[in-house]
Amino acid sequence: MAKANELARILDRCLDRIQAGEATLAECLRAYPEQASGLEPLLRAALDTTGFMAPSPPGEEYRQTSEARLLNLLRASQRKGDIPRRRRAIRAWRRLRPAYALAGLLLAIGVIAGSFRVANAAGDALPGDMLYSVKRGLEEAQLILSLSSEGDSRLLLAFADRRLAEAETLLAAGRQMNLEAAMEGYEGLLGRLIELSARQGSSGNGDLGRVDAALGRHQELLQDVLSRAPVQAQEAVADALERSQHGRNVLQQVRQGISPGEIAPGQIKKTPATDSGQSGDSSPSRTPRPTKTPRLTKKPRPTKTERTP
Amino acid sequence: MDEPAATDAELVARAQGGEIEAFGLLYQRYLDPIFRYIQIRMGDEQDAEDLSETVFLRAFESLDRYREAGHPFSAYLYRVARNLLADHYRQRSREAPVEEAMEIPSPDAGPDEVAEWRDRLHEISRALERLRPEYQEVIRLRVILALPTSTVGEWMGKSPGTVRVLLHRALKALREQMIDGESKRAG
């Protein structure tokens, strides 16, 4: 299982480098001689598929006319009143309304359950326990009720800490099968925390140093968990470590003045300091690089009116 | 004019406030991957153009129901595209062979070259169609569209590690189907 996971990682890294034009198939195989026999047929299948099936991007004329058409349609709908011009006046209330609804629902649940012991008991629940969903629901309720970005940031960090504490408890209790759920929960919270911190950082607010320091502690903890985790759980922990490092790289770039708008969700702007072979970290969409598979020259497609049946 | 400093979340918030131009910036940002994804799935470029516009129109109409909460806007657009494609194929009762979306060959190519190209394309697309849907999808997104693993994970609702393992299995399965197709052709 570990070998297969390692091959999956290398395959992904090689594909990323070939697609980015940073390496050829031969260079990737030379870089990983022990895995080359397993890698080669898979990479060839991938490159053949891309070579024959990669679609063309939309034409420039279509891009411009379709955007104009779409925006005109939306403006016309707005003028007719189908789409409100300004929704900001009701957004504050709509932001709070689900919070009150959820709070009311939770209160009702507490009453129906007989006491608030349910909520208290849920606080110790671990992934796989019956009350774990209640625990996560209560965390989301706290986030909804938070009315500031700083509050959101503190809560997200606290909940991320909880996921890691849960991972340690699961390991100690021999419940490795639930470790992946804790790691996925951690990654989800981390993604939201990084996005929020990047936005705060770019507008001069927020404390990127505090978040970065916390992620550093998380990485130490994750390394420790990884060293004690069984083979079947190591992939999930390694992913969480990678995501944590990705988050720190994003924050570092924000501190260097790179706008979050240039770092789309799930991507990272390549700089020499961060181009260290991380897989899957590049611009949101790239035109596939030409492969050696023969491809016939395209001819312009006729327009709809010119097409023959 | 594009505003490079605006994040997706900022543009979405402005569009939710009724600012059409902010949605236009999101359109510019994501038309390419959405169009190319639809182009792979549909057999006709004109249909792909029409459906791509419908994706953004539907996305705007239901923008009030979108909440970021760890789900990137691009993943939201992808879900809208998948739902529209499902509706499209329910009406047509079959998914068009993906090779119909491929460009016709150059007029300079000889007939043998054209035939060999078409045969190979047919083999690859048949091999892909015989895979289970999840394998097809990860190959479409990660290999054919060359989206980063993290983006594929966000779109498919999986962790990057799961995407890597899925891709490995999908390419193994595709390779097996290709070999099977080649041996049938030789035999």
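So you know, we letter chains A, B, ... as the sequences are listed, proteins then strands, and number each from 1. Please read these numbers as outputs of a predicted model, since none were measured by experiment. What you see below is based on every heavy atom in this structure, not just the backbone, and it leaves out hydrogens, waters and symmetry mates.
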Worksheet item: What pairs with Glu67(A) under salt bridge (Lys or Arg N to Asp or Glu O under 4.0 Å), at least two apart in sequence or on another chain?
Response: none
Discussion item. Under 4.5 Å from any heavy atom of chain B, what part of Leu11(A) do you find: side chain, backbone, both or neither?
Written reply: side chain
Worksheet item: Excluding sequence neighbours, so at least two apart, what forms side-chain contact (heavy atoms from CB on, under 4.5 Å) with Ala181(A)?
Response: Pro127(A)
Discussion item. Under 4.5 Å from any heavy atom of chain B, what part of Arg69(A) do you find: side chain, backbone, both or neither?
Written reply: side chain
Response to the item:
When the 4.5 angstrom heavy-atom criterion is applied to Leu70(A) and chain B, the contacting part is side chain
Worksheet, complete the sentence: If one checks every heavy atom of Ile139(B) against chain A at 4.5 Å, the contacting part turns out to be side chain
Discussion item. Counting heavy-atom pairs under 4.5 Å with chain B, which one of Pro41(A), Gly38(A), Ala68(A), Ala8(A) comes out on top?
Written reply: Ala8(A)
Practice prompt. Please step through side-chain contact (heavy atoms from CB on, under 4.5 Å) for the pair Arg136(A) and Phe159(A), ending with a clear verdict.
Written response: CA-CA 9 Å; Arg136(A) 296 298 301 271; Phe159(A) 297 153; over 6 Å; no
Worksheet item: Checking ring pair (Phe, Tyr, Trp, His ring centres under 6.0 Å) against Phe73(B), which of Trp155(B), Tyr27(B), Tyr66(B) comes through?
Response: Tyr66(B)
Worksheet entry | Most contacts with chain B, counted as non-hydrogen pairs under 4.5 angstrom, among Pro58(A), Ala240(A), Ala45(A), Ser66(A) | Pro58(A)
Worksheet item: With respect to Leu174(B), which candidate in Val143(B), Ile179(B), Ile124(B), Leu128(B) satisfies the side chain to side chain contact (heavy atoms under 4.5 Å, CB included) definition?
Response: Leu128(B)
